[in-house]
Amino acid sequence: MSSTTHPAPAAPRFTSPVPIRPARLGHALASEWTKIRSLRSTVWSLGVMFVLVAGVGALAVAFSQDNTRPGDDILGLGLGGFMVGQIPVITLGVLTISSEYGTGMIRSTLTACPRRARILTAKALVFSALALALGTAAIGTFTLVALAVLGGRAGAQPADAVLRTVLGGGLYLAVIGLMALAVGALLRHSAGAISAMIGFVLLPTIVGLFAGETVGRFLITYSPVSISASLFGNGLDPEVNGWQQLGFLAALTAALLAAAYAAVSRRDV
């Protein structure tokens, strides 16, 4: 009598109807771009920034037509709009990350892409590119209006001054927005991070008035108010130009971003 051995049946293979691929930086960038362009806060914040920078600057140009003389620096007329226009950029920079912690959406984001450093990188790249593009466009619009309306009376503006105002101003908005994003990642609280950034913009100039010659001069020279003024041709310290001040701000932002990477990687959601 013989026995026949039958092979064990193979385990059924599960095939997902949805293609499964590891999340990469390109996927994170696409996700962050979809999120930031679909939020109402993005449209309102950047729209208000554009109106303030270009619109307030244009109003200053209109009111200055009778007082403009040959050789006047007409680019400085855009400083007022630029100063208030950076506030919506700061707000959006904070909300880009803090809003996800507030609503709990960060859990879904981390489920789709568990590498937290990659998520922060994607947010920083998408937001800074958007702030740079629209900020440069807003300042460029003001500059074109100023040159068209007042250029005949004030004369041609130096090319390096125009480049410093338009490109430097756009870079400043991207950098200050990245700093706001880093502070939002560190604090994870929208109101607190926005308040901290507004304080950073305004307090160094105020404190510098009472902090003595050395410390006070440093605080005032490298304050956001002074950097903005230098980019628009109204620098408070003739020995330091706007590009040097912007470099200091970029270095400070890089340090805060490094701290944000460390905090995001170590803390629980």
Just grab all the side chain to side chain donor-acceptor pair (under 3.5 Å) pairs involving residues 129-143, residues at least two apart or on different chains.
->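 Side chain to side chain donor-acceptor pair (under 3.5 Å) check on residues 129-143 returns no pairs.
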
For L120 and L181, what are the C-alpha separation, side-chain angles and deciding distance, and is it a side chain to side chain contact (heavy atoms under 4.5 Å, CB included)?
-> CA-CA 9 Å; L120 186 57; L181 188 147; 3.5 Å; yes

Heavy-atom pair of closest approach, residues [X] and [Y]:
| X | Y | answer |
| --- | --- | --- |
| I227 | L246 | CG2-N, 4.3 Å |
| L187 | A193 | CD1-CA, 3.7 Å |
| L173 | G135 | CD1-CA, 3.6 Å |
| G184 | S98 | O-CB, 4.3 Å |
| A174 | A131 | CA-CB, 4.1 Å |
| M49 | V89 | CG-CG2, 3.6 Å |

Interatomic spacing from [atom1] in [X] to [atom2] in [Y] - rounded to 0.5 Å:
| X | Y | atom1 | atom2 | result |
| --- | --- | --- | --- | --- |
| K123 | S31 | NZ | OG | 7.5 Å |
| S190 | L95 | OG | CG | 5.0 Å |
| T165 | L75 | OG1 | CG | 4.5 Å |
| F142 | L79 | CZ | CG | 9.0 Å |
| F200 | L202 | CZ | CG | 10.5 Å |
| L134 | L130 | CG | CG | 5.0 Å |

Within the distance-only criterion (no hydrogens, no angle test), does the side chain of Q245 pair as donor or acceptor with the backbone N or O of T221 below 3.5 angstrom?
->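 Flag set: sc Q245 to bb T221 pair under 3.5 Å.
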
Whether T42 side chain and I36 backbone form a donor-acceptor pair below 3.5 Å | yes

How about [X] and [Y]: do any of their side-chain heavy atoms sit closer than 4.5 Å?
| X | Y | result |
| --- | --- | --- |
| P224 | Y172 | yes |
| D73 | Q157 | yes |
| V126 | L29 | yes |
| L77 | F63 | no |

Quick one: do [X] and [Y] end up in the same hydrophobic cluster if we chain Ile, Leu, Val, Met, Phe, Trp and Tyr together by side-chain heavy atoms under 4.5 Å apart?
| X | Y | result |
| --- | --- | --- |
| I90 | L186 | yes |
| W243 | L249 | yes |
| I194 | V48 | no |
| L252 | L257 | no |
| F50 | V84 | no |

Would M83 and V225 count as a side chain to side chain contact (heavy atoms under 4.5 Å, CB included) if you check the C-alpha gap in whole Å, the side-chain angles of each, and the deciding distance to 0.1 Å?
-> CA-CA 7 Å; M83 285 299 303; V225 173; 3.7 Å; yes

Starting from the C-alpha separation in whole Å, work towards a yes-or-no answer on side chain to side chain contact (heavy atoms under 4.5 Å, CB included) for T205 and S226.
-> CA-CA 8 Å; T205 301; S226 182; 5.7 Å; no

Side chain to side chain contact (heavy atoms under 4.5 Å, CB included) between I176 and M197: does it pass, once the steps are laid out?
-> CA-CA 9 Å; I176 200 73; M197 284 301 303; 4.1 Å; yes

Geometric class of the F82/F232 ring pair [parallel <30°, tilted 30-60°, perpendicular >60°] |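 Geometry flag for F82 against F232: tilted rings.
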
Got a sec, which residues hit side-chain hydrogen bond (donor to acceptor under 3.5 Å, both in side chains) with T121, two or more places apart in sequence or on another chain?
-> Y261

May I ask you to check whether S45 and T91 show a side-chain donor-acceptor distance below 3.5 Å?
->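 No, because no side-chain N or O of S45 sits under 3.5 Å from a partner of the opposite role on T91.
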
